[in-house]
Amino acid sequence: MALQAPVLNEFQMITKELSAIREVECAFIDSTGHSGILVTVILPNSDPSALDKVVNAESNVMNAFPWLNIDFEVVLRAERALHEVVSPKGSLLFAR
């Protein structure tokens with residue numbers, strides 16, 4: 001009998017998708033109210049390839065959870081300290 005892959009909940013899938021993108025420094029997650037989630041993704045600089053990867057990750061999550069109102073916000077750190085560019089909302093999802 002073949003083993004089935006475990007079913008991931010939305011938080012696990014977001015973590016899995018974003019942590020696979022080596023350019024992502026950290027991500028925060030927050031509830032926006034009725035069935036809504038805001039994910040703040042921190043990138044070190046403007047990198048079209050990294051932005052494409054984040055968009056693909058967002059698409060994968062949205063396709064897996066179509067009923068979930070999810071918004072991804074990408075913040076470019078641009079050699080500044082994290083506290084200078086973002087006031088983290090919600091909980092730290094992961095950090096490198």
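Just so it is clear, the model here is predicted, and its values are computed rather than measured.
Between Ile70 and Phe65 the shortest side-chain heavy-atom distance does not fall below 4.5 Å. Between Thr40 and Val86 the shortest side-chain heavy-atom distance falls below 4.5 Å. The side-chain heavy atoms of Met13 and Asn60, taken from C-beta on, include a pair separated by under 4.5 Å. Contact check for Val24 versus Leu43: side-chain heavy atoms found under the 4.5 Å cut-off. Side-chain atoms of Phe28 and Leu38, non-hydrogen and from C-beta on, never get closer than 4.5 Å to each other. Residues Leu18 and Val39 form a side-chain contact, since some pair of their non-hydrogen atoms from C-beta on lies under 4.5 Å apart.
With values rounded to the nearest 0.5 angstrom, Thr15 atom OG1 is found 9.5 Å from Leu8 atom CG. The distance from atom CG of Leu68 to atom CG of Asn9, rounded to the nearest 0.5 Å, is 10.5 Å. One distance of note links CZ of Phe94 with CD of Glu25; it measures 9.5 Å at 0.5 Å rounding. Taken to the nearest 0.5 Å, the CG atom of Leu51 stands 9.5 Å off from the CD1 atom of Ile21. Atoms CD1 and CD, from Ile42 and Glu23 in turn, are 14.5 Å apart once rounded to the nearest 0.5 Å. Rounded to the nearest 0.5 Å, atoms CD (Glu10) and CH2 (Trp67) are 7.0 Å apart.
By the 6.0 Å contact criterion, CD on Glu79 is open, its count of non-hydrogen atoms from other residues, nucleotides or ligands being 12 or less.
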What verdict does the side-chain contact (heavy atoms from CB on, under 4.5 Å) test give for Asp71 and Thr32, after you've listed the backbone C-alpha separation in whole Å, the side-chain angles of each residue and the deciding distance to 0.1 Å? CA-CA 9 Å; Asp71 187 27; Thr32 62; over 6 Å; no
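Side-chain atoms of Ser59 never come within 3.5 Å of backbone atoms of Val55 as a donor-acceptor pair (strictly under, hydrogens ignored). Using modelled atom types, no side-chain atom of Glu17 and backbone atom of Ile14 make a donor-acceptor pair closer than 3.5 Å. At least one donor-acceptor pair under 3.5 Å links the side chain of Arg96 to the backbone N or O of Ser19.
Of all heavy-atom pairs spanning Cys26 and Leu92, the tightest one is CB-CD1, 4.2 Å. Taking each heavy atom of Val54 and Val41 in turn, the nearest pair found is CG2-CG1, 4.2 Å. Taking each heavy atom of Arg80 and Glu84 in turn, the nearest pair found is CB-OE1, 3.5 Å.
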